[in-house]
**Student:** 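I have a structure here, written as C-alpha cells, and I will follow up with some questions on it.
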Amino acid sequence: MSAARKLRQRLFRTRPDDALPLTVEHQRIYILPTPRGCAFVGALLLMLVASINYDLSLGYALCFLLTGLFTSALLNTYRNMAGLCVHHIEASSGFAGDAVTFSPKLGAPAGRARHAIELVSPGASERATVTVVEATSTASAALSVPTTRRGHLPLGRLTLASTWPLGLWRAWSYVHSPVSATVWPRPENDAPPLPVIHGDGDGGNAHAHREGDVSGLRDWIPGDSPSRVAWKRVARGDELKVRLLEANHQPATTELALEATRLNALEAQLSRLTAWVLNAEHQGSDYSLQLPGTSIDADRGSTHRKHSLDALAVHGLGAP
Amino acid sequence: MTAVGVALGKSTRKKRWVPQVLNLRPSTAAVEPRILSALAALLLLAQLPHVVHLPLWATLLGGGLIGLRVLACKRPDIRSLDWVLSSIALTGFCVIVALLIRWHYGYFVGRDPAVAFLFILVAAKFAELRRGSDATLLMCLASFLLLTQYFYSQTIVAAAVTLPAVLALGHALAVVRDPVRAAPAASNLTLVGAMLLQGAPIAILLFIVFPRLSGPLWSLPEDSMATSGLSDSMSPGSIADLSRSSEVAFRVEFDNEVPPKDLRYWRGPVFERFDGRSWSAAPIREVATLAVDANATGTINYTVMLQPHRQHWMFALDRATGLPMSSSGDAKALARIMTDGQLISDAPINRITRYLQQSIPGDRVHTGAAPGPLTRNTAGRNPRAEVLGQQLAATHDSPEAIAAALLQRFSQAPFRYTLQPSLLGISPVDEFLFDTREGFCEHYASAFAMVMRAAGIPSRVVTGYLGGEMNGDYMIVRQSDAHAWTELWIDGAWQRFDPTGAIAPSRIEDGIGAALGADEPLPSLSRLTGGWMGGMQLRWDRMNHAWQRMVVDFDDDAQARLWEKLGIKKPALWQLTAVVLAVSCAWVALLIGLPGFTWWKQYTHERRLPPAERAWQRLERLLAHHALGRHIGEAPADWLQRVARQQPVLADQLHALSQGFARQRFAGVDDEAALGALESSIGALRKTLRRTPRGKTTSVPAPA
C-alpha cells in the first residue's frame with residue numbers, strides 16, 4: 001500500500017478495515033468549531049477589541065473567562081468522544097425495497113457517561129442519536145438504511161459525532177467496519193402457487209408419528225415454552241435448542257429451484273423463489289432449495305427460512 | 001361537498017387582511033419554549049447591570065419586550081401580540097427608539113447612546129426570535145451587552161453580577177444545542193460552572209500576560225461623559241453639592257510618614273478670576289518651573305490612584321515639590337505645574353491614573369511670579385463687602401492683621417457652617433456677609449478672598465480636598481472631602497488662609513462629619529468615624545481598593561511592574577504566545593491525563609486493589625506486552641497453560657506462578673512472604689521474557 005493510501009485510510013477510513021470492538025482513541029478524533037462556535041469566537045474578538053480600546057480590565061477578564069469556557073468546551077467535547085467504544089454493529093436483514101437496520105452498540109468504558117452521540121452513515125435515511133451512554137454501560141442506536149437491491153449491503157463508514165456540551169465544537173470520528181446487512185430479494189407479488197409437491201399431502205399415512213415424537217431441533221426463539229427446550233443438550237454446553245415435535249400429518253415437501261420458476265431473468269427467478277419460500281413457511285410445508293452451487297435440504301422453521309433467503313440474497317454475487 | 005364547504009369556511013374565517021407573504025405572525029411554535037426561557041434569563045441578567053445608568057424608559061422598553069415575547073409563547077391565543085411582535089412592528093419600534101435615544105442624549109454616534117440602543121436592540125431581536133441561528137446572534141449580542149456594563153462600573157459588584165449571566169450564557173448554549181434532549185437547568189448549570197472552573201487557569205493566565213496597550217486603538221467622538229468631582233469654576237453651592245457624595249476621589253499610599261490631619265490640603269483647581277459671583281481659572285496661565293530642592297527635609301513621597309474625573313487636573317498635597325510621575329519603569333511626568341501651583345495633565349483623566357508624587361507639607365506656595373491684575377479684581381458687584389475690606393485695611397496695618405480681623409469676624413458673628421444655606425441673589429458676597437451669614441466652605445472662601453482684594457491684598461481661591469481617611473495602609477479621599485480655601489499674597493509668596501477654620505475648626509481636624517450638625521444631608525460614610533457600620537464600610541472599601549489595584553488597574557503599567565517584580569524583561573509577543581501555548585498544553589494534559597487515559601486510570605485503580613490482585617494485573621500486563629495476553633473469556637489457569645505451551649522456556653516459572661496465585665487465592669495464604677515470592681517470580685519471568693527473542697513467540701489462535 002502506498003504511503004498516500006495509508007495516509008488516506010488513516011485520515012478518512014475509506015476502507016472497511018476496523019475490527020470491532022473498537023475504542024475511539026485520540027488518533028481518530030477530529031474536532032472543529034461549529035458555526036455557532038465560530039460566531040462565538042467572533043463575538044469574543046469584538047469584545048476583546050472593545051476592551052482594548054476602552055481599556056476595560058474587567059472587559060478583558062470577561063473576555064478571557066469566556067475564552068476559558070470555550071477552551072474547556074473543546075476539551076469536554078473531546079473527552080465525550082475519546083474512549084467511546086463501538087462494541088458491535090448488529091445488522092438486521094430485510095427484503096429489497098424495505099429498510100434494514102444497523103444497530104451499533106456503544107459503550108462508555110472509561111468511567112464517564114457520554115452524551116448526545118450522533119451517528120451518521122452514508123446510506124441511512126436519517127441520523128440516529130444516542131442521548132446518553134451511562135458510565136460503564138452500553139446503549140444502542142438504530143440506523144435505518146433503505147435498500148434497493150438484494151445482496152450484501154455494507155453499512156459503510158460510520159461517523160460518530162457530538163457537539164456536547166455547548167454546541168461550540170463538533171468532535172467526530174470515522175469507524176469503517178466491514179459490517180453488512182443481507183438484503184433478500186424482493187418477494188414477487190401474487191406469485192403462482194408452490195410448484196411440485198413431493199410426498200403425500202394427506203395426513204393419515206403409514207408412517208404417521210405419534211404426536212409428541214421429536215423430529216428434530218431448532219434454535220430457541222423467545223416465546224418458546226421451556227418444556228420444549230432440549231435441556232439435555234443445554235447441560236452438555238450447547239446452545240438453547242427446542243425440540244421440534246412431529247405433527248400428526250407428514251407435511252408436503254416442496255423442491256424449490258431456479259428452473260421451477262419458469263422464468264428467464266435471474267432476478268425475477270430469485271424474486272419468485274423468495275415469495276415461494278415465504279409461502280411455504282406460511283403453509284407449514286417443508287421445502288428444499290437448489291441453486292447452482294448451493295443446496296439446502298428440505299426443512300422449515302425460522303433458521304431454515306433465513307438460510308434459504310440468505311442463499312437467495314447472495315446468489316450469483318461475489319463475496320461481500 | 002359539505003366537508004369541502006366546512007374546510008373552506010374555516011380557512012376563510014382564519015384568513016386575515018394581513019397578507020401572509022409578510023410573515024407577520026411570529027411562529028411561536030417554531031421556537032422551543034426552553035430556548036426561549038433560557039435566552040430570556042440570559043438577556044435579563046445581561047440587562048440588569050445597565051439599569052443603573054440607562055434612562056428609565058429604556059429599561060422599561062427593553063425589559064418589557066422580553067416579557068411580551070415570553071407572554072406570547074405562554075399565551076398563543078392573544079392575537080394582538082403577534083402584531084406587536086412582528087418584524088415590521090419591531091423594526092419601526094427600533095427606529096423610534098433610535099430617535100428617542102438621539103433626543104435623550106443629544107447625539108447618536110457615541111458610546112452611551114450606542115449602549116442604550118444595543119440594550120433595546122437585543123430585546124427587540126429576542127422579541128422576534130424565530131430560528132436557531134437567531135439564537136446564536138442573540139447570545140453573541142448578549143455577551144457584548146454584558147461587556148458594555150464595564151464602561152460604567154468595574155467594581156466588585158459589577159464583576160459579581162456578571163457571573164450569573166455567564167452561567168446563564170452557558171446554559172443557553174447547552175439548551176440551544178439540543179432543546180429537546182437538553183439536560184435540566186440544574187445539571188447544566190453545574191456543568192457550566194465546572195467548565196468555567198476548568199477554564200479559569202487559562203483565563204487568569206491570559207489576563208496576566210495579554211499585552212495591554214497604553215492608548216485606545218481609535219478615538220471615538222468624545223462622549224459627553226459626565227465629569228465628576230471638582231469643576232473648573234466655583235460658585236456658591238458647588239462644593240456643598242459635591243460634599244453629599246461619598247464617592248472616592250482618589251486613594252493615596254504613603255511611602256513612609258503620613259502627614260498630620262491639618263496638613264492634608266490636596267490642591268486642585270486654582271481660581272483667580274472673579275465675576276462677583278463665581279470663580280474660575282485665569283484664562284492664560286504659564287507653565288512654572290519647579291525649583292526642586294532635593295535635599296529639603298520633610299519631603300513626603302506618595303502614590304496617588306486618581307479616579308477618572310475627565311478633567312485635566314491632578315492632585316498633590318500642598319506644596320508639590322515634584323511633578324506627577326508615571327509609576328511604571330519609564331518614569332515620565334504626566335503633568336505640568338502652572339504658575340498658580342496647579343498640576344495640569346496632558347490628557348484628561350479618563351481612566352484610573354496612578355502616579356508618584358512628592359510634596360513638602362506647608363502653607364506657603366512659592367511658585368510663580370508676582371500676582372497679576374486678576375488677583376486684585378473685586379468685580380464691583382458686592383459694594384458692602386468692598387466697604388468692609390477698605391475699613392479693615394484702614395484699621396489694620398499688616399495683611400496678616402487684616403486677614404485675622406476678618407477671620408475673627410467669621411468666628412464671632414452669628415455665622416453658621418452648613419451644607420444647606422439660603423439661596424443668594426445678585427450680590428452673593430454681600431448677602432452672605434451681612435444678611436444670611438450661613439454658608440459652606442466656598443461661601444467663606446469666596447467672601448474672604450473678595451474682601452481681601454478690597455483691602456488691597458492680592459488673593460485667590462484654591463479648591464481641592466481637605467482630609468482623607470486612613471484605611472489600613474492607604475488613605476481614601478472622598479468627594480465629601482471637597483474643600484475651598486484661599487491664598488493671600490504676603491511677603492512675596494502665596495500664604496494659605498482657610499476661613500472655614502475660623503467658623504468650623506473641627507472641619508480641619510476631624511473632617512466634615514464632625515463639623516456639620518446631625519441634620520445636614522451628608523453621606524453616612526463621612527459621619528461614620530467608628531462603630532461596626534463604619535468598620536464594615538471601611539473593610540468594604542479596603543476590598544474595593546485591593547480589587548481596584550489588582551484587577552481593574554491592571555494595565556500596561558501594572559504589567560510592566562509585574563515583569564519587573566518577577567525580574568524579567570518585558571517578554572516579546574512570541575514569547576508570550578509560547579508561554580500561553582505551553583501552559584495550555586500542560587492544562588490539557590492535566591485535565592485529560594496524557595498519554596492516553598489508560599495508564600493513569602489503571603494506576604489509580606490498581607492502587608485500590610489488594611496486593612495479590614495487583615501482582616496478578618502486573619503479570620497480565622507483562623505477558624500482554626510480549627503478545628501473550630489473555631484472551632477474552634479465557635480462564636486464568638488455562639491461559640497460563642497455553643502460554644507455557646507456546647513458550648516452553650517459561651513453563652516452569654509459569655507453573656510456579658500459577659500455583660502461587662492459586663494458593664494465595666484459594667488456600668488463603670496471604671502473608672508477606674508469599675506475596676514477596678510472587679513478586680520475585682514475576683520479576684524473574686520478566687527477565688526471562690527479555691532474554692527470549694520476540695520472534696519465538698508464536699501466536700496461537702484464540703479458543704473459539
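Chain naming here is simple, since letters A, B, ... match the order of the sequence lines and numbering starts at 1 in each. In this text the structure is predicted, and so the values were computed from the model without any measurement.
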**Student:** Let's go through Leu65(A) and Leu163(B) carefully: what are the C-alpha distance in whole Å and the side-chain angles of both, what is the deciding distance for side chain to side chain contact (heavy atoms under 4.5 Å, CB included) to 0.1 Å, and is it a yes or a no?
**Tutor:** CA-CA 10 Å; Leu65(A) 186 69; Leu163(B) 282 180; 4.1 Å; yes

**Student:** Side chain from CB out, backbone as N, CA, C, O: work out which of these in Thr67(A) comes under 4.5 Å of a heavy atom of chain B, or both, or neither.
**Tutor:**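 Contact with chain B is through the side chain of Thr67(A) alone.
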
**Student:** So which heavy atom on Met195(B) is nearest to which on Ala73(A), and how close?
**Tutor:**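 Heavy atoms of Met195(B) and Ala73(A) come nearest at CE-CA, 3.3 Å.
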
**Student:** Only pairs under 3.5 Å count here: list side-chain donor-acceptor contacts from residues 144-152 of chain B, not counting sequence neighbours, and write none if there are none.
**Tutor:**
unit_1: Thr148(B); atom_1: OG1; unit_2: His50(B); atom_2: NE2; d: 3.2
unit_1: Thr148(B); atom_1: OG1; unit_2: Leu145(B); atom_2: O; d: 2.6
unit_1: Gln149(B); atom_1: NE2; unit_2: Leu146(B); atom_2: O; d: 3.3
unit_1: Gln149(B); atom_1: NE2; unit_2: Thr162(B); atom_2: OG1; d: 3.2
unit_1: Tyr150(B); atom_1: OH; unit_2: Thr162(B); atom_2: OG1; d: 2.6
unit_1: Tyr152(B); atom_1: OH; unit_2: Asp112(B); atom_2: OD1; d: 2.9

**Student:** Taking atom CG of Leu75(A) and atom CH2 of Trp587(B), what is their separation to the nearest 0.5 Å?
**Tutor:**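 Interatomic distance, Leu75(A) CG to Trp587(B) CH2, rounded to 0.5 Å: 5.0 Å.
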
**Student:** Among the options Leu46(A), Thr163(A), Thr71(A), pick out the one with the most heavy-atom pairs lying under 4.5 Å from chain B.
**Tutor:**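 Most pairs with chain B among the choices: Thr163(A).
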
**Student:** Based on non-hydrogen pairs under 4.5 Å, which of Cys63(A), Gly42(A), Gly167(A) is most in contact with chain B?
**Tutor:**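 It is Gly167(A).
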
**Student:** Relative to chain A, which segment of Val166(B) carries a heavy atom at a distance below 4.5 Å: side chain, backbone, both, or neither?
**Tutor:**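 It is the side chain, since no backbone atom gets that close.
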
**Student:** Please determine whether the number of non-hydrogen atoms from other residues, nucleotides or ligands lying under 6.0 Å from atom CD of Gln27(A) exceeds 12.
**Tutor:**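 Yes, because the 6.0 Å sphere around CD of Gln27(A) holds more than 12 heavy atoms from other groups.
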
**Student:** Nearest 0.5 angstrom please: Ser57(A) OG to Met550(B) CE, how far?
**Tutor:**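 Reported value, rounded in 0.5 Å steps: 12.5 Å.
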
**Student:** With a 6.0 Å cut-off (strictly less than), is the heavy-atom count around NE2 of His307(A), excluding the residue itself, greater than 12?
**Tutor:**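 Atom NE2 in His307(A) is not crowded, with 12 or fewer foreign heavy atoms closer than 6.0 Å.
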
**Student:** Counting only non-hydrogen atoms closer than 4.5 Å, does Leu44(A) touch chain B with its backbone (N, CA, C, O), its side chain (CB onward), both, or neither?
**Tutor:**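 Nothing of Leu44(A), per the 4.5 Å heavy-atom cut-off to chain B.
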
**Student:** Name the one of Leu205(B), Ile204(B), Leu206(B), Ile202(B) that satisfies side-chain contact (heavy atoms from CB on, under 4.5 Å) with Phe64(A)?
**Tutor:**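 For Phe64(A), the side-chain contact (heavy atoms from CB on, under 4.5 Å) check succeeds only for Leu206(B).
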
**Student:** Between Phe207(B) and chain A, which part of the residue has a heavy atom less than 4.5 Å away: side chain, backbone, both or neither?
**Tutor:**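 Its backbone and side chain both get close to chain A.
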
**Student:** Looking only at non-hydrogen atoms, find the nearest pair between Leu58(A) and Ala159(B) and report the distance.
**Tutor:**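 The pair with the smallest heavy-atom distance is CD1-CB, 4.0 Å.
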
**Student:** Any pair with a residue in residues 191-211 of chain B that passes side-chain hydrogen bond (donor to acceptor under 3.5 Å, both in side chains), sequence neighbours left out, goes on the list, sorted by first then second residue, please.
**Tutor:**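 Non-adjacent pairs meeting side-chain hydrogen bond (donor to acceptor under 3.5 Å, both in side chains): Ser72(A)-Gln198(B), Asn76(A)-Gln198(B).
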
**Student:** With rounding to the nearest 0.5 angstrom, report the CG to CD distance, Asp178(B) to Glu118(A).
**Tutor:**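 The distance works out to 9.0 Å.
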
**Student:** Which atom pair, heavy atoms only, marks the closest approach of Asp55(A) to Gln154(B)?
**Tutor:**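 Residues Asp55(A) and Gln154(B), closest heavy atoms: O-NE2, 4.3 Å.
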
**Student:** Which atoms of Leu48(A) are under 4.5 Å from chain B, going by heavy atoms: the side chain, the backbone, both sets, or neither?
**Tutor:**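 Contact with chain B is through the side chain of Leu48(A) alone.
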
**Student:** Please look at Val192(B) and chain A and tell me whether the side chain, the backbone, both or neither of the residue comes under 4.5 angstrom of a heavy atom of that chain.
**Tutor:**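 For Val192(B), heavy atoms of backbone and side chain both lie under 4.5 Å from chain A.
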
**Student:** How close do Cys140(B) and Ala39(A) get, counting heavy atoms only, and between which atoms?
**Tutor:**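 Shortest heavy-atom contact: SG-O, 3.5 Å.
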
**Student:** What part of Thr34(A) lies closer than 4.5 angstrom to a heavy atom of chain B: side chain, backbone, both or neither?
**Tutor:**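 Contact with chain B involves no heavy atom of Thr34(A) at all.
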
**Student:** What are the two closest heavy atoms between Ala116(A) and Arg177(B), and how far apart are they?
**Tutor:**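 Heavy atoms only, the tightest pair is CB-NH2, 3.4 Å.
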
